[in-house]
Amino acid sequence: MPIAVGATLTLKARFETLDILKTIKKQRPTIFPGVPNFYVAISNYPGVRKFNIASIRACISGSAPLPVEVQESFEKLTRGRLVEGYGLTEAGPVTHANPLQGLRKLGSIGIPIPSTEARIVSLTDPNQPAEAGHLGELAVRGPQVMQGYWQDAEASANAIAKEGWLLTGDVAQIDEQGYFRIVARKADMWYPAKPGDPAFPRDVEEVLYEVPQVKEATVVAIAGKPIAFIIPGRERPSKEMLQEYCKRRLPPELVPRVFLFVDGFPRSFIGKVLRRELIAKYDEYEPA
């Protein structure tokens with residue numbers, strides 16, 4: 001898009017908070033795409049207002065769910081508009097976005113971009129649409145969707161359903177106005193009570209982000225029980241306080257059984273939290 005409109009484009013090899021803030025102060029960018037971790041880091045940086053980042057008018061967040069608390073705090077800081085979008089490598093890579101102008105729904109990835117179709121399909125049968133309003137797997141179709149994985153026919157067959165629908169692996173829901181909401185990766189959901197009634201990390205993480213002393217939170221399920229990994233803010237919350245707060249805001253089966261404080265999360269090169277590595281390192285965090 002910047003190339004198409006002849007805009008100045010500033011590229012960074014990696015995200016380092018101080019370097020990014022200095023660049024914003026010097027070059028005065030108006031659009032800042034990123035991942036939720038970027039916006040958390042900037043909002044929590046000491047003395048951030050002296051960098052005068054109010055030049056930013058629009059931000060598009062992707063790669064991971066954008067907590068509402070993160071969205072609101074960053075918008076208060078910049079007075080710009082931070083919207084959540086969605087995409088994946090197999091779809092070149094964007095399929096949904098909230099409009100920068102017009103109706104934006106907090107916690108939603110928005111509507112399909114032009115020339116793109118999207119629907120919710122059954123979690124058990126990807127060729128069958130899910131009932132209206134029900135949770136299911138997000139499927140997309142459009143000119144940006146891949147033809148298949150290179151030299152891997154089996155993986156391609158598992159990813160692309162009939163009539164070219166790409167199965168994203170994300171559990172989602174669509175509302176009556178056509179706005180989509182991502183709930184979780186299928187691989188991250190768990191069943192706390194009975195089959196057919198799944199639970200999702202985001203339901204717990206949104207509540208944890210409401211606690212001012214929580215800088216970042218990631219929830220994983222181990223043996224069907226939610227475990228919360230917390231990066232504390234300047235003041236470290238007690239485990240007892242977090243548990244009591246969650247008990248007031250969540251059903252009993254979604255209250256984390258364990259709260260673990262960590263200095264950071266394992267991440268991909270674009271900043272996405274690698275939940276599988278957190279699970280693999282659980283024994284290192286939790287005493288036997």
So do Pro65 and Pro36 actually touch side chain to side chain, heavy atoms under 4.5 Å?
no
Run the salt bridge (charged side-chain N to carboxylate O under 4.0 Å, His left out) test on Glu253 and Lys225 for me, step by step, so that the C-alpha distance in whole Å, both residues' side-chain angles and the decisive distance to 0.1 Å come before the verdict.
CA-CA 8 Å; Glu253 65 272 15; Lys225 304 294 183 183; over 6 Å; no
Would Met241 end up clustered with Val255 when hydrophobic side chains under 4.5 Å apart are linked, directly or stepwise?
yes
Separation of Ile279 CD1 from Thr218 OG1 (nearest 0.5 Å):
11.0 Å
Interatomic spacing from OH in Tyr86 to CD1 in Ile182 - rounded to 0.5 Å:
5.0 Å
Interatomic distance, CG@Leu138 vs CD1@Ile174, rounded to 0.5 Å, equals 9.5 Å
Please report the C-alpha distance between Val83 and Cys59 in whole Å, then the side-chain angles of each, then the deciding distance to 0.1 Å, and finally whether the side chain to side chain contact (heavy atoms under 4.5 Å, CB included) criterion is met.
CA-CA 6 Å; Val83 301; Cys59 302; over 6 Å; no
Given side chains that start at C-beta, do those of Pro201 and Asp188 come closer than 4.5 Å, heavy atoms only?
yes
Within-4.5 Å side-chain heavy-atom neighbours: Phe265 and Arg275:
no
Between Phe261 and Pro237, is any pair of side-chain heavy atoms under 4.5 Å apart?
yes
When rounded to the nearest 0.5 angstrom, what distance separates CG in Leu250 from NZ in Lys247?
12.0 Å
How about Lys50: does its NZ atom have over 12 heavy atoms from other parts shown lying under 6.0 Å from it?
no
Consider only side-chain N and O atoms of Tyr149 and Glu154, and report whether a donor and an acceptor are under 3.5 Å apart.
no
With heavy-atom distances below 4.5 Å as the criterion, would you say the side chains of Lys272 and Arg267 are in contact?
no
Flag the pair Leu242 / Ile230 as yes when at least one side-chain heavy-atom distance between them is below 4.5 Å, and no otherwise.
yes
Step by step, work out the salt bridge (charged side-chain N to carboxylate O under 4.0 Å, His left out) result for Glu84 and Arg202.
CA-CA 15 Å; Glu84 187 170 2; Arg202 186 168 185 169; 3.7 Å; yes
ILVMFWY clustering at 4.5 Å (side-chain atoms), partners of Ile56:
Phe15, Leu18, Ile20, Leu21, Ile24, Phe32, Val35, Phe38, Tyr39, Val40, Ile42, Tyr45, Val48, Phe51, Ile53, Leu66, Val70, Phe74, Leu77, Leu82, Tyr209
Would a hydrophobic clustering, with Ile, Leu, Val, Met, Phe, Trp and Tyr connected at side-chain separations under 4.5 Å, put Leu167 with Val140?
no
Whether over 12 other heavy atoms sit under 6.0 Å from Ile3 CD1:
no
Hey, are Gln144 and Thr95 close enough side-chain-wise for a donor-acceptor pair under 3.5 Å?
no
Looking only at heavy atoms, what is the nearest atom pair of Asn44 and Arg234, with distance?
O-NH2, 4.1 Å
Please check if atom CZ in Arg257 has more than 12 non-hydrogen atoms from other residues, nucleotides or ligands closer than 6.0 Å.
yes
So, does Asp175 use its side chain to make a donor-acceptor pair with the main chain of Phe180 at under 3.5 Å?
no
Quick one: does Gln173's side chain have a donor or acceptor within less than 3.5 Å of a partner on Gly133's backbone?
yes
Check: His96 and Ile113 side chains under 4.5 Å, non-hydrogen atoms:
no
Donor-acceptor contact below 3.5 Å, side chain Ser156 vs main chain Asp152:
yes
Does CD in Gln147 sit with more than 12 non-hydrogen atoms of other residues, nucleotides or ligands closer than 6.0 Å?
no
Can you tell me how far apart CD (Glu244) and OG (Ser238) are? Round to the nearest 0.5 Å.
9.0 Å
Side chain to side chain contact (heavy atoms under 4.5 Å, CB included) evaluation trace for Glu210 with Glu69:
CA-CA 7 Å; Glu210 294 173 2; Glu69 294 293 327; 3.9 Å; yes
For a quick test of reading the model, state the closest non-hydrogen atom pair linking Leu254 to Asp203 and the distance between them.
CD1-CB, 4.4 Å
So if you build clusters from Ile, Leu, Val, Met, Phe, Trp, Tyr with side-chain heavy-atom gaps below 4.5 Å, do Leu103 and Leu100 land together?
no
If you look at every heavy atom in Pro266 and Glu277, which pair is closest and at what distance?
CB-OE1, 3.2 Å
So how far is it from Ile120 CD1 to Asp170 CG, rounded to the nearest 0.5 Å?
10.0 Å
If the condition is salt bridge (charged side-chain N to carboxylate O under 4.0 Å, His left out), which residues does Glu137 pass it with, not counting sequence neighbours?
Lys186
Stepwise, does the side chain to side chain contact (heavy atoms under 4.5 Å, CB included) test hold for Asn37 with Glu216?
CA-CA 8 Å; Asn37 176 51; Glu216 291 188 66; 3.2 Å; yes
If you look at every heavy atom in Pro198 and Met189, which pair is closest and at what distance?
CB-SD, 4.0 Å
Can you give each donor-acceptor pair under 3.5 Å made by side-chain atoms of residues 121-128, sequence neighbours left out, with the distance rounded to 0.1 Å?
{"residue": "Ser122", "atom": "OG", "partner": "Thr124", "partner atom": "N", "Å": "3.1"}
{"residue": "Ser122", "atom": "OG", "partner": "Thr124", "partner atom": "OG1", "Å": "3.0"}
{"residue": "Ser122", "atom": "OG", "partner": "Asp125", "partner atom": "N", "Å": "3.3"}
{"residue": "Asp125", "atom": "OD1", "partner": "Asn127", "partner atom": "N", "Å": "3.1"}
{"residue": "Asn127", "atom": "OD1", "partner": "Lys162", "partner atom": "N", "Å": "3.3"}

I want to check a possible cation-pi pair here: Lys105 against Tyr179, using under 6.0 Å from ring centre and within 45° of the ring axis as the test.
yes
For Val68 versus Glu206, what's the shortest heavy-atom pair and its separation?
N-OE1, 3.3 Å
For the residue pair Cys246 and Leu208, establish whether any side-chain heavy-atom pair is separated by less than 4.5 Å.
yes
Walk me through it: do Phe200 and Leu135 pass the test side chain to side chain contact (heavy atoms under 4.5 Å, CB included)?
CA-CA 11 Å; Phe200 305 98; Leu135 294 176; 3.5 Å; yes
Cluster overlap Ile109 with Ile60, hydrophobic side-chain contacts below 4.5 Å
no
Greater than 12 external heavy atoms within 6.0 Å of Arg276's CZ
no
According to a 4.5 Å side-chain heavy-atom criterion applied to Ile, Leu, Val, Met, Phe, Trp and Tyr, with indirect links allowed, do Val145 and Val94 form part of one hydrophobic cluster?
no
To check you understand the geometry: which heavy-atom pair defines the closest contact between Gln243 and Pro256, and what is its length?
NE2-O, 3.7 Å
Side-chain ion pair, Arg141 and Glu90, N-O less than 4.0 Å:
no
